[in-house]
2 protein chains.
Amino acid sequence: MARDTRRRILDTALAMFNAQGEPHVTTNHIADELEISPGNLYYHFRNKDDIIEHLFARYEERMDAALELPSARLPGLEDIWLQLHLVFECIWDYRFLYRDLIEILSRSRRLRLRFARILRRADDSTQAVFQGLAQAGAMRATAQELGGIATNVLVVATFWLNYAAARGEKDEQLAIRHGIVQVMLLISPFLREAERTQLATLMQAYLD
Amino acid sequence: MARDTRRRILDTALAMFNAQGEPHVTTNHIADELEISPGNLYYHFRNKDDIIEHLFARYEERMDAALELPSARLPGLEDIWLQLHLVFECIWDYRFLYRDLIEILSRSRRLRLRFARILRRADDSTQAVFQGLAQAGAMRATAQELGGIATNVLVVATFWLNYAAARGEKDEQLAIRHGIVQVMLLISPFLREAERTQLATLMQAYLD
DNA sequence: GTCTATAAATGGATAGAC
DNA sequence: GTCTATCCATTTATAGAC
């Protein structure tokens, strides 16, 4: 049951952080929810930041997998669509991290470095997909434009849930789909006519 | 000196919130920095959230002014450029609000409503400028596209500073200019050829 | 591994003197 | 208006029994 308690602490902490926001959840709250003692919790983790660090490791692994490039062949629109899904679902599952991103990163140099690495990796991955599309003739843009678009893709993807929350959006599953469409909209103007109309159809169907 | 102390509390709180992040600044810290007693601070403001609410009112007034549409005539690229500057400088001056946006809004229904109103107003303003450009023949996009672009403009503008911070960007003045360019990049593909090249030149010069 | 009990520190806020 | 003194609640974290 030892491993189990440790795992249950992480699972419960994640659920509570996501539901209430990390700043509102104390170690005592987590222990209460699990019906274990605070002392027990501190037997398994040094402190709250230690719990966050382990949750971050889970997140990191998940996001690294989502950013894996699909295959050796040139990527198509559907590959982007799928990859965006994986990324947004990962962000959703660890949304507490994004809600208070700067605050959480400010407390740990290690997390700062690791999150910056993920952003760089996401940037590389995005640009690689764009170059694949360009190589296949489906996309047309200068190298400089590609870099700029990739950056905007990262910004919108990273902060879309926060934007939806600030806007007062209630239906969170709809918000995710809306976010995916907004990212696609960034790419759309650089697509060849055929792919653009294909994308427009996909997006239309997706939001209903 | 009464009015003065009140004003100095707000000024100092703003500076400290921006420098250290709102969660790290307590009412006692503010009083210390001002070399007044905690009791004195509480004579002027009911609590910390009261201070934040008054800072928000300042911010709101400033942002409302920045979002004012330039004039009756059709807007040109330079008008957008200027307006973006005003908006980014306002965000910069009240960056504590954006750093912990969801957390701060979660504590006050009134701030939630007022921030949502500003987002709606920014959306309207952005779309109005786009329609002006379209009417002048400088921009070409469907009504649906205009809406989508406007949303992405808001997301990038709202969270650009957070993105730069997460990315580890140190030079903050450069970060602001970079943010303005990234927003312009969103609009660029929908501009007429003449305006696009004009914009490309402007952006190039701007980042040096 | 888990509990109880509690220490130590902090932050928010107020009472009452001046 | 401003200060001193202090209270109360919360949070983190640990000691020591079982």
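Each chain gets a letter, A, B and so on, in the order the sequences are listed, and its residues count up from 1.
Looking only at distances, a side-chain donor or acceptor of A:Ser125 sits under 3.5 Å from a matching main-chain atom of A:Leu67.
Aromatic ring orientation, A:Tyr206 versus A:Trp81: perpendicular (interplanar angle above 60°, classes split at 30° and 60°). Ring pair A:Phe115/A:Tyr59 is parallel by interplanar angle, where below 30° counts as parallel and above 60° as perpendicular.
Of the candidates C:dT4, C:dG12, D:dT12, C:dT4 carries the atom nearest the A:Pro38 side chain, counting heavy atoms from C-beta on. Of the candidates C:dG11, D:dT12, D:dC3, the closest approach to any side-chain atom of A:Thr27 belongs to D:dT12. The nucleotide whose nearest atom lies closest to any side-chain atom of A:Ser37 is, among C:dC3, C:dA13, D:dG1, C:dC3. Candidate nucleotides C:dG12, D:dT11, C:dG1 were compared by shortest atom distance to the side chain of B:Lys48, and C:dG12 ranks first.
Counting any heavy atom pair closer than 4.0 Å across all strands shown, B:Asn47 reaches sugar-phosphate atoms only and no base atom.
Taking side-chain N and O atoms only, B:His44 has a distance below 4.0 Å to OP1 or OP2 of D:dT2. The shortest distance between the side-chain N/O atoms of B:Tyr43 and the OP1/OP2 oxygens of D:dG1 is below 4.0 Å. Between A:Thr5 and C:dG1, a side-chain N or O to OP1/OP2 separation shorter than 4.0 Å is absent. OP1 or OP2 of C:dA13 lies within a sub-4.0 Å distance of a side-chain N or O belonging to B:Tyr42.
One atom, CG of A:Asn40, and another, P of D:dG16, lie 19 Å apart when rounded to the nearest Å. Atom-to-atom, CD1 of A:Ile30 to P of D:dA13 comes out at 12 Å; the value is rounded to the nearest Å. One atom, CG of A:Asp4, and another, C1' of C:dT2, lie 14 Å apart when rounded to the nearest Å. Summarising the geometry, the separation between CD1 on A:Ile51 and C1' on D:dA13 is reported as 12 Å, rounded to the nearest angstrom. Here D:dA13 presents its C1' atom at 13 Å from CG of A:Asp49, a figure rounded to the nearest Å. As a whole-Å value, the separation of A:Arg107 CZ from D:dT11 P is 14 Å. Per the geometry, CG belonging to A:Leu34 stands 14 Å off C1' belonging to C:dG1, to the nearest Å. Here C:dT2 presents its C1' atom at 16 Å from CZ of A:Arg6, a figure rounded to the nearest Å.
By the 4.0 Å N-to-carboxylate-O rule, A:Arg114 lies close enough to A:Glu53 to be salt-bridged with it. Contact check on A:Glu60 versus A:Arg110 returns no salt bridge, with no Lys/Arg side-chain nitrogen under 4.0 Å from an Asp/Glu carboxylate oxygen.
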